[in-house]
Amino acid sequence: MKQSIGIDGPAGAGKSTIAKRIAAILQIPYLDTGAMYRGVAVAAKRHGVAFTDEAAIAETVASLDLSVRYSDSGEQHIFVDGEDVTGELRTEEISQGASLVSRVPAVRDRMTELQREVAHAQRVVMDGRDICTNVLPDTPYKFFVTASAEERASRRVKQLKESGQPADYETILHDIIRRDRQDSERAYKPLYCGADTKRIDTTDMTIEEAVEAILSEV
Ligand code: DC
C-alpha cells in the first residue's frame with residue numbers, strides 16, 4: 001500500500017477544497033469518497049427505493065455498477081450503471097440521501113473495497129468520513145478537518161449566494177447539524193477523530209493555512 005493521505009471531517013469543513021489543493025501540489029490523484037455515497041443515493045432514487053429502506057438499499061448496492069473515472073482535465077466523475085451522474089450529486093436531497101444510505105453496512109463495505117482498490121494502485125489524497133479510521137487505517141498521514149457548525153453554515157451561505165442561488169442560514173445550519181448527527185452517531189463505522197489522527201480546526205483558519213498545516217506533516 002502506498003502512503004496515501006486521508007482526510008476526514010464533517011460536511012462543509014472545507015475538506016474537499018483542501019484535499020484538491022494538496023493533490024495538485026503533490027501531483028497525485030484526489031478521490032472524493034462522498035461523491036461515491038452520493039452516487040449510491042442517485043441509484044436508489046432512480047430505482048424508486050427509499051433512502052431509509054435499509055434492506056432495499058443493500059439489495060440495490062449488491063447489483064450496482066458504480067465506477068469513478070477522471071476526465072482529461074483531472075475532474076472526478078461518478079458513473080452509475082454506465083451513466084455519468086456527476087451533475088446530479090450536489091442537491092440537498094442527494095446530500096441527505098447519501099448520509100442515510102451510508103448507514104447501511106453493505107453500502108459501506110462495497111465503497112470501502114472500491115476505495116482501497118484505488119489506494120492500492122497509487123498514492124492518493126482521499127477525503128470522507130471513515131478514511132483514517134476504516135479505509136486506510138495504516139497510512140501515517142491522517143487528518144481530521146473540522147470547523148464549528150455555525151462557521152460551516154456561513155461558508156455554505158456565502159458560496160450559494162456567490163453562485164446566485166437562494167440560501168437561508170437557519171435551514172442550512174439545521175441540515176448541517178442533522179447530517180453531523182447522522183454521520184457521527186450511525187452504528188456502523190461512524191465519523192470520529194481517531195487518537196492517531198491530527199485534528200485541524202479551520203474555524204479561524206484560511207484554506208491556505210490548513211493546506212500548509214497538512215503539507216508540513218507529509
Ligand atoms: O462528503 P460528502 O458531503 O459529499 O458526503 C456525503 C455523505 O456520504 C455524508 O453525509 C456521509 C457519507 N460518507 C460516508 O459515510 N463516508 C465517507 N467516506 C464519505 C461520505
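Count residues from 1 along the sequence. Counting starts at 1 for both ligands and their atoms, following the listed order. Being a predicted model, the structure only gives us computed values, none of them experimental.
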Return the residue, atom name and 0.1 Å-rounded distance of the protein heavy atom closest to [atom].
atom	answer
atom 8 (O) of ligand 1	Tyr37 CB, 3.5 Å
atom 7 (C) of ligand 1	Ala98 CB, 3.7 Å
atom 19 (C) of ligand 1	Thr33 OG1, 3.4 Å
atom 6 (C) of ligand 1	Arg179 NH1, 3.6 Å
atom 4 (O) of ligand 1	Arg38 NE, 2.7 Å

Subject >> Any Leu26 side-chain heavy atom under 4.5 Å of Leu215 side chain >> reply: yes
Original post:
Less than 3.5 Å between some nitrogen or oxygen of Lys15 and one of ligand 1, yes or no?
Top reply: no
**OP:** Flag Ser95 as yes when one of its N or O atoms lies below 3.5 Å from any N or O atom of ligand 1, and as no otherwise.
**Re:** no
Original post:
Counting from 1, what ligand 1 atoms have a heavy atom of Ser102 closer than 4.0 Å?
Top reply: 11 (C), 12 (C), 15 (O)
Original post:
Between Arg108, Met126, Arg129, which one has a non-hydrogen atom sitting closest to atom 1 (O) of ligand 1?
Top reply: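 Answer by nearest heavy atom: Arg129.
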Original post:
With respect to atom 11 (C) of ligand 1, which of Leu89, Asp183, Asp32 exhibits the smallest heavy-atom separation?
Top reply: Asp183
I'd like to know if [X] and [Y] make a salt bridge, using a cut-off of under 4.0 Å between side-chain N and carboxylate O.
X	Y	value
Asp183	Arg129	yes
Arg46	Glu88	yes
Arg90	Asp32	yes

Please report the shortest heavy-atom distance between [X] and [Y], naming the atom on each side.
X	Y	result
Lys15	Gly128	CE-O, 3.5 Å
Ser154	Tyr169	OG-CE1, 3.6 Å
Phe79	Asp84	CD2-N, 3.5 Å

**OP:** Please state whether Gln115 comes within less than 4.0 angstrom of ligand 1, counting heavy atoms only.
**Re:**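 Not so, Gln115 does not reach ligand 1.
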Original post:
Hey, is Gln96 touching ligand 1 through its side chain, its backbone, both or neither, going by heavy atoms under 4.0 Å?
Top reply: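 Contact part for Gln96 vs ligand 1: neither.
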**OP:** Answer yes or no: are there more than 12 heavy-atom neighbours, outside Arg181 itself, under 6.0 Å from its atom CZ?
**Re:** no
